> 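Pasting a structure here, questions to come.
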Amino acid sequence: MEHTSIVRGRFAPSPSGRIHLGNILCCLLSWLSARQKGGAVVLRVEDLDTARCPRRYASQMEEDLKWLGLTWDEGPGAGGGDEPYYQSQRTALYQAALDRLRSMGLVYPCFCTRAELHAASAPHREDGQTVYAGTCRRLTAAEAAERARTRSPALRLRVPEEEIGFTDGHMGPYRENLARDCGDFLLRRSDGMFAYQLAVVVDDAAMGITEVVRGADLLSSTPRQLLLYRLLDLPAPTFCHFPLLLAPDGRRLSKRDADAGLSCLRGRVTAAEILGKLAYLAGFNPSASPRTAESLLADFSWDRVPREDVRIPEGLF
Ligand code: GLU
């Protein structure tokens, strides 16, 4: 549909449990960055993995975001015109994009098992993902058809031998040679689930998103997404990746850190206390004093946000 706001940001959480401080910081920064420019905010629920993201978690997340005062203009319960806002209901769009890539001769079936993927001595990336060695790229059509009789394949995108770079709005220049640093990546898993990389590009473009704000763990996904924007002839948004919040012991926060989850926090502290402390850690609240999202609009600036990961001091929350 036609989108009237010039700036359009989004929250795109995957509700596989109760949201934690890292998710909240992501929503806060997306909200502030878009709202400060008079932009609209879209909530899209990234529940492609329906087994891990049952609807009750999404409902709880929507309720938690409202409690925090992080409101959205379009999305579940708010309407908007780009419905549905649950990725699990948008698979026809991903299929259409996949068909388009396939018609360009860029998609091939991959029969590698998890064990084979690990055994292929491909180098490991810094982010812990393996580089696909291209094993099934070399299968002939007859070989692929033979294997497809006993095993349903995943689908991969043939990536070009090319550097893909961009300038992140917060982290600066970033580039990757996809063939060397990533390899042919998944578009659909063997069980039929579409890959995040494909779905996020299709949806951000369909929803007219102009700026993507998310954690630095997804910085290295961006060249893959930029390739998909180009191949699908879709306009790419700008990107701002922010540093990750670390638990007091220096580990990455995860859904298992119960004390960083809202189920623990909501009974003990107010929404303004959470937002004020997160804004303090993110550099734009001078003290850890309670703040509403609205009041932080005056203080937020990307220049103040650190570029290194931020450790949550013991006992802050
Ligand atoms: N759904 C993804 C996550 O929760 C975020 C996707 C994105 O912001 O591009 O990690």
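Sequence positions, counted from 1, serve as the residue numbers for this chain. Just so it is clear, the structure is predicted and the values come from calculations on it, not from any experiment. The basis for the numbers below is simple: all heavy atoms, side chains too, and nothing from hydrogens, waters or symmetry mates. As the structure lists them, so they are numbered: ligands from 1, and atoms in each ligand from 1.
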> Out of all atoms in ligand 1, which are within 4.0 Å of some heavy atom of R214? Include the element for each.
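The atoms of ligand 1 under 4.0 Å from a heavy atom of R214 are 7 (C), 8 (O), 9 (O).
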
> Suppose we measure from atom 5 (C) of ligand 1 to each protein heavy atom; which comes out shortest, and what is that distance?
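Minimum-distance protein heavy atom for atom 5 (C) of ligand 1 reads A12 O, 3.4 Å.
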
> Just need the protein heavy atom nearest to atom 10 (O) of ligand 1, so name the residue and atom and give the distance.
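Atom 10 (O) of ligand 1 sits closest to the protein heavy atom L218 CD1, 4.2 Å.
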
> Only heavy atoms of E46, strictly under 4.0 Å: list the atoms of ligand 1 that pass.
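Within the 4.0 Å cut-off of E46, ligand 1 contributes 1 (N), 2 (C), 5 (C), 6 (C).
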
> Find all atoms of ligand 1 within a distance of less than 4.0 Å from any non-hydrogen atom belonging to Y196, and give their numbers and elements.
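Every atom of ligand 1 under 4.0 Å from some heavy atom of Y196: 6 (C), 7 (C), 9 (O).
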
> Among all the protein's non-hydrogen atoms, which is closest to atom 8 (O) of ligand 1, and how far away is it?
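Closest protein heavy atom to atom 8 (O) of ligand 1: R10 NH1, 2.7 Å.
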
> Tell me: protein heavy atom nearest atom 4 (O) of ligand 1, and distance?
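Its nearest protein heavy-atom neighbour is S14 N, 3.3 Å.
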
> Supply the atom-to-atom distance N23 CG to R214 CZ, rounded to the nearest 0.5 angstrom.
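Taking CG in N23 and CZ in R214, the distance rounds to 14.5 Å.
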
> Decide if atom CZ of R114 counts as having more than 12 heavy atoms of other residues, nucleotides or ligands within a radius under 6.0 Å.
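Not buried by this count: 12 neighbours or fewer within 6.0 Å.
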
> Rounded at 0.5 Å granularity, tell me how far CH2 in W67 sits from CD1 in I274.
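The distance works out to 4.0 Å.
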
> To the nearest 0.5 angstrom, please state how far the OG atom of S16 sits from the CG atom of D47.
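Between atom OG of S16 and atom CG of D47 there are 11.0 Å.
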
> Does Y280 OH have over 12 foreign heavy atoms under 6.0 Å away?
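Counting other residues, nucleotides and ligands, OH of Y280 stays at 12 neighbours or fewer.
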
> Within 45° of the ring axis of F166 and under 6.0 Å from its six-membered ring centre, is that where the NZ or CZ of R175 lies?
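No, cation not above the ring by the 6.0 Å, 45° rule.
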
> Only heavy atoms of V200, strictly under 4.0 Å: list the atoms of ligand 1 that pass.
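Contacts of ligand 1 toward V200, numbered from 1: 9 (O).
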
